[in-house]
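Heads up: the structure comes next, in structure tokens.
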Amino acid sequence: MSNPFNLYKLLPWVVTCILLSPVFAIFINAFNFDESGSFKHILDTVLFDYIHNSILVILFVILISLVFALPSAWFVACCEFPTRKKLQWILMLPLAMPPYIVAIVYTDLLDFAGPVQLTLRAWFGWQSVTDYYFPDIRTLFGASFILALSLFPYLYLLLRGAFLTQSAGLFQAARTLGLSPYRAFWKVSIPLSRSAMAVGISLIAMETLGDFATVNYFAVHTLTTAIYDTWLELGSLTTAAKISSLMLLALVILISLENYSRRKQQVYQRNNSGSTDLRFHLTGWKKWGVLGFTWSLLGLSLFIPIGTLIYYAVNYFMESLNDQLFNYTLNSLWLAFLVAILALLVALIVNFYQRLSPGILAKSSIRLSSLGYAVPGTVVAIGVLIPLTSLDLLLNDLLIKWDISPVGLVFSGSVAVLVLGYLVRFSAIAVGSVDSSLVQVSPSLDLASRTLGNGPAKTLWRVNIPLIKKGLLTAFILVFIESMKELPAALLLRPFNFETLATYVYQYVSDEMIEYAALPALMIIALGLIPFVVVNRLLEQKH
């Protein structure tokens with residue numbers, strides 16, 4: 001009889017290899033000979049422009065996100081003013097807004113034929129565009145601004161947590177030495193939050209590099225749009241793999257630089273803010289300035305987009321409500337539900353392996369299985385297509401060899417490819433959430449269960465899972481939200497006659513029909529906002 005521990009050691013590595021296979025496939029395929037010559041043509045003409053645009057967009061998004069997130073996090077964590085308690089969680093909600101939806105709203109509002117310019121022309125009597133200057137939103141900077149409106153909550157959440165856990169004594173010592181609150185903020189709070197800031201910036205940079213819909217809608221050519229165009233328009237999987245490998249290399253360098261920059265950083269502090277009130281009570285113009293900044297930020301990132309979509313959804317409700325919308329909503333729901341369940345299974349397998357056999361191998365399994373989240377959806381799509389297409393070709397060749405009719409694209413042409421792509425992208429979210437919950441369960445409980453005759457599987461089911469239910473629910477909801485919003489992977493991997501709400505909205509966006517995109521876009525936002533609020537409430541109860 002085989003030792004059950006061998007299965008628990010083997011299964012996590014099988015899962016890890018499956019999740020890593022797209023990354024390996026991209027690098028292997030990148031070394032293939034490009035018979036079409038597409039890559040050489042792109043290299044000689046537009047590749048460096050794509051790289052230049054990608055770098056600029058990332059830098060602009062990071063800078064704008066810092067302007068949004070840094071003061072917001074400090075105001076909420078370290079100041080006392082009206083509506084602060086509401087703001088501390090409402091400022092997270094723009095994270096549930098897909099950037100491409102925000103993009104279509106502001107394009108519609110600010111274009112020449114939009115309500116803003118129409119109103120200005122009516123007020124001032126302007127007749128044509130030559131009579132006045134109005135900034136064009138469909139630019140590289142405009143795309144960066146829109147992305148920052150949706151991505152700054154990543155940095156806000158991490159900075160707020162860092163500011164809340166900083167020692168009040170250190171800040172007050174700086175004040176005692178004669179520093180003003182403003183200078184103490186720059187001299188004490190910012191350096192102590194450098195680690196959280198670096199992680200938040202890395203997340204924003206990776207999400208920006210992986211964005212397709214927003215930059216494509218604004219006609220900003222980046223590496224992500226290059227992959228999409230190369231695969232769908234030029235039909236060259238090898239060229240797409242070569243460009244994808246460049247993006248992966250850039251991500252590896254980005255993550256390595258972030259880790260290297262913090263290699264000697266050590267911060268030891270205790271949060272004693274419970275005994276010493278760190279918050280500054282704002283009055284007068286400072287109070288109104290903070291309120292104006294934070295609520296204006298929410299207006300731009302949340303209220304204006306949702307309000308505009310509600311206006312169009314109400315006015316075009318009957319035209320938008322059809323069988324297609326119902327079917328695509330069901331597609332999105334069951335797909336997101338299935339991916340969330342599978343992601344939980346992956347998280348339990350790799351995390352429980354570390355609990356049974358703590359060590360370098362187990363930690364490596366967790367880290368490697370989480371790499372997919374750092375990979376853009378477009379790159380994941382290319383990586384998933386390569387091995388599954390090869391698998392289809394091998395299966396059909398074998399069937400022909402055995403005089404059996406070929407079955408076609410069983411793997412790469414079915415929903416299975418979409419599920420695997422989503423799983424590679426979002427398993428890391430579940431792995432991290434389950435890991436943070438499982439480490440809080442004392443190992444002595446496992447030992448007690450084993451002493452009573454329960455095996456590893458029964459211990460996991462009867463002891464560990466009941467104790468980490470909140471972590472499991474949080475992981476499920478977060479993966480569900482991300483799966484509902486995902487667009488680049490869905491566009492490239494969806495089978496024929498299969499659409500999700502995200503791809504359905506994008507079709508209308510591409511045709512400049514925001515009126516018909518409003519209702520399905522609101523459904524995506526609602527299905528993201530409601531679980532997001534639930535997660536936030538759970539975390540508040542936890543702490």
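This chain uses plain numbering: 1 for the first residue, then up along the sequence. When reading the values below, keep in mind they use all heavy atoms of this one structure, side chains included, and skip hydrogens, waters and symmetry mates.
- Relative orientation of the Tyr312 and Tyr316 rings is tilted, given thresholds of 30° and 60° on the angle between their planes.
- Counting heavy atoms of neighbouring residues, nucleotides and ligands inside a 6.0 Å radius, atom CG of Asp323 does not exceed 12 of them.
- Annotation for Ala113 and Leu118: closest pair O-CD1, 3.4 Å, computed over non-hydrogen atoms.
- Residue Phe337 places its CZ atom among 12 or fewer non-hydrogen atoms of other residues, nucleotides or ligands, all under 6.0 Å distant.
- Between Phe60 and Phe141, the distance from one ring center to the other falls under 6.0 angstrom.
- The nearest pair of heavy atoms linking Ile524 to Lys485 is CG2-CG, 4.4 Å.
- Under the 3.5 Å distance criterion, the side-chain polar atoms of Gln88 are left unmatched by any main-chain donor or acceptor of Ala77.
- The distance from the OG atom of Ser301 to the CG atom of Leu91 is 7.5 Å, given to the nearest 0.5 Å.
- Under the 3.5 Å distance criterion, the side-chain polar atoms of Thr107 are left unmatched by any main-chain donor or acceptor of Ile104.
- Between Tyr132 and Arg121, the shortest heavy-atom contact is OH-NH1, 2.9 Å.
- Relative ring orientation between Phe293 and Phe75 is described as perpendicular, the plane-to-plane angle rising above 60° on a 0-90° scale split at 30° and 60°.
- For the side-chain contact (heavy atoms from CB on, under 4.5 Å) test with Thr225, the passing option among Val215, Thr230, Val220 is Val215; the others fail.
- A distance-only check finds no donor-acceptor pair linking the side chain of Glu482 to the backbone of Phe480 [under 3.5 Å].
- Residues Thr500 and Ala490 share a closest heavy-atom pair of OG1-CB, 4.3 Å.
- Between the Thr83 side chain and the Lys86 main chain, no donor and acceptor come within less than 3.5 Å of each other.
- Salt bridge present: Arg425 and Glu486 bring a charged side-chain N and a carboxylate O closer than 4.0 Å.
- Without hydrogens or angle criteria, Asn53 side chain to Thr222 main chain gives no donor-acceptor distance under 3.5 Å.
- Aromatic ring orientation, Trp295 versus Phe303: parallel (interplanar angle below 30°, classes split at 30° and 60°).
- A centroid separation of 6.0 Å or more is found between the aromatic rings of Tyr156 and Phe68.
- Using bins of under 30°, 30° to 60° and over 60° for the plane-to-plane angle, the ring pair Phe124/Trp126 lands in the parallel bin.
- Counting only distance, with no hydrogens or angles, the side chain of Tyr106 and the backbone of Leu300 share a donor-acceptor pair below 3.5 Å.
- The cationic group of Arg138 lies under 6.0 Å from the six-membered ring centre of Tyr217 and within 45° of the ring axis, placing it in a cation-pi geometry.
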